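A quick write-up on the structure given underneath.
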There are 2 protein chains.
Amino acid sequence: MNVEEIIKTSKQIPLEPRTLIHLQLVHNKVNEAMNGALKPFEVSLQQFNVLRILRGQQGKPANLSTLNERMVTKMSNTTRLVDKLLAKGFVNRTVCPSNRRKVEIVITDSGLKVLGQMDESLEEAHQVIFQNFKKQDLEQLNKLLDKF
Amino acid sequence: MNVEEIIKTSKQIPLEPRTLIHLQLVHNKVNEAMNGALKPFEVSLQQFNVLRILRGQQGKPANLSTLNERMVTKMSNTTRLVDKLLAKGFVNRTVCPSNRRKVEIVITDSGLKVLGQMDESLEEAHQVIFQNFKKQDLEQLNKLLDKF
DNA sequence: AAACAATATTTGTATATACAAATGTATGAT
DNA sequence: ATCATACATTTGTATATACAAATATTGTTT
């Protein structure tokens with residue numbers, strides 16, 4: 001990836017803004033690849049993320065605030081995101097009996113099955129995304145990202 | 001930045017998906033900082049980006065397709081983005097006399113002045129964003145990001 | 001020149017996301 | 001028990017973004 005070439009500029013950019021532009025470009029590219037991998041399943045990255053969290057609960061229900069807390073990208077409207085998953089039959093939602101303000105969300109068998117297929121599709125995307133990375137590069141990158 | 005802590009998971013995540021989550025978290029954080037820096041001026045990052053491109057033109061007008069080509073994040077609706085800048089008086093838009101399909105967009109004096117203030121505000125944001133980075137770290141990070 | 005295709009932008013519409021106010025429920029103080 | 005407050009979610013609404021179709025202009029072919 002060549003920053004200057006992509007944004008079609010000839011003049012050199014100072015290191016700090018260049019890094020921010022670079023991050024944005026990588027983000028765009030990665031997102032495109034991941035959304036592409038999820039496209040056949042008609043779910044957004046956010047929805048996929050929620051399904052993964054629910055699987056991680058191992059049968060234990062999660063409520064909306066828990067989901068929101070664990071999401072990679074926090075969003076203001078988890079209700080409507082779960083609505084979509086519900087409409088696809090990937091989750092069940094019930095009011096929490098011990099505290100009726102809360103809701104209990106669990107992933108369905110169908111949700112689990114499709115999530116497995118999404119994993120496979122994303123695995124393929126990883127191979128493309130990370131084709132130029134050695135294990136050591138990834139470790140180094142993670143270390144640098146920690147500085148943010 | 002501790003990935004596992006932020007998304008509140010105890011189990012360790014494989015290196016590749018962890019990198020993608022990491023990138024997303026960094027992206028969120030950087031975006032928040034930059035949007036915060038631009039908030040007093042009521043412009044989005046995309047709008048700021050377009051203003052910078054126009055300044056880079058040094059008086060020479062740019063048309064919509066040129067802007068779109070040079071934007072960090074390409075978007076499907078540059079017309080309405082420019083509408084907003086126009087409404088704020090930061091740009092002028094005229095039909096190109098030699099080819100009336102095209103439009104010519106230039107940054108106004110007012111736009112240039114405010115853009116200068118935005119630069120200062122972003123400079124401060126940089127200091128926060130990059131506080132843990134040495135010059136060498138940034139160079140290394142840019143090199144690794146090139147692998148995408 | 002008329003017809004057709006190509007180009008540049010605009011508009012319509014659907015979907016996504018953000019933010020604030022509203023709703024329903026539970027908890028604690030008086 | 002009543003009231004005020006806090007909590008969890010939902011709803012309304014505004015704004016942002018995405019995609020496709022529509023419009024206007026130019027270039028090309030016959």
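First the proteins, then the strands, lettered A, B, ... as listed; each starts at 1. Predicted model only: the values in this text are computed from it and were never measured.
Remark on DNA chain C: of its neighbouring residues A/Ser98 and A/Met75, the 5'-side contact belongs to A/Met75, judged by nearest-heavy-atom nucleotide. The 5' end of DNA chain D is approached more closely, in terms of each residue's nearest nucleotide, by A/Thr78 than by the other of B/Cys96 and A/Thr78.
Nearest to the side chain of A/Arg101, among C/dT25, C/dT10, C/dA8, sits C/dT25. Proximity note for B/Ser76 (side chain, C-beta onward) versus D/dA18, D/dA8, D/dT13: the nearest is D/dA18. Of the candidates D/dC19, C/dC19, C/dT10, the closest approach to any side-chain atom of B/Val103 belongs to C/dT10. Closest to the side chain of A/Asn77, from the set C/dA18, C/dA6, C/dT10, is C/dA18. The listed nucleotides are C/dA18, C/dT9, C/dT7; the one nearest the side chain of B/Thr79 is C/dT9.
Looking at B/Asp83 and B/Arg93, a side-chain N of the basic residue comes within less than 4.0 Å of a carboxylate O on the acidic one, giving a salt bridge. Remark: B/Glu139 engages B/Lys135 in a salt bridge, criterion side-chain N to carboxylate O under 4.0 Å.
Atoms CG (A/Asn99) and P (C/dT27) sit 6 Å apart, rounded to a whole Å. Atom P of nucleotide C/dA16 and atom CG of A/Leu81 are separated by 9 Å, given to the nearest angstrom. At whole-Å resolution of the value, CD in B/Glu32 and C1' in C/dC19 are 14 Å apart. Spacing between atom NZ of A/Lys39 and atom C1' of D/dA18 amounts to 10 Å, rounded to whole angstrom units. Atom pair A/Lys102:NZ and D/dA6:P shows a separation of 18 Å (rounding to whole Å applied). Here the C1' atom of nucleotide D/dT17 and the CE atom of B/Met71 are 12 Å apart, to the nearest Å. Between the CG atom of A/Leu85 and the P atom of C/dA16 there is a distance of 11 Å, given to the nearest Å. Taking atom CD1 of B/Ile105 as the reference point, atom C1' of C/dT10 lies 12 Å away to the nearest angstrom.
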Could you walk me through whether A/Asn63 and A/Thr66 pass the side-chain contact (heavy atoms from CB on, under 4.5 Å) check? CA-CA 5 Å; A/Asn63 51 44; A/Thr66 312; 2.5 Å; yes

Worksheet item: Would B/Ile107 and B/Phe90 count as a side-chain contact (heavy atoms from CB on, under 4.5 Å) if you check the C-alpha gap in whole Å, the side-chain angles of each, and the deciding distance to 0.1 Å?
Response: CA-CA 6 Å; B/Ile107 188 166; B/Phe90 295 161; 5.5 Å; no

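Contacts between residues 43-70 of chain A and DNA chain D, defined by a heavy-atom separation under 4.0 Å, are made by A/Asn63, A/Leu64, A/Ser65.
Taking side-chain N and O atoms only, A/Lys84 has a distance below 4.0 Å to OP1 or OP2 of C/dA16.
Side-chain atoms of B/Arg100 stay outside donor-acceptor range of the base of D/dT25, with no qualifying N/O pair under 3.5 Å.
With hydrogens and angles ignored, the 3.5 Å screen pairs no side-chain donor or acceptor of A/Asn68 with any backbone N or O of A/Leu64. Between the A/Ser121 side chain and the A/Ala37 main chain, a donor and an acceptor come within less than 3.5 Å of each other.
In this structure, A/Phe148 CZ and B/Leu141 CG are separated by 5.5 Å, a value rounded to the nearest 0.5 Å.
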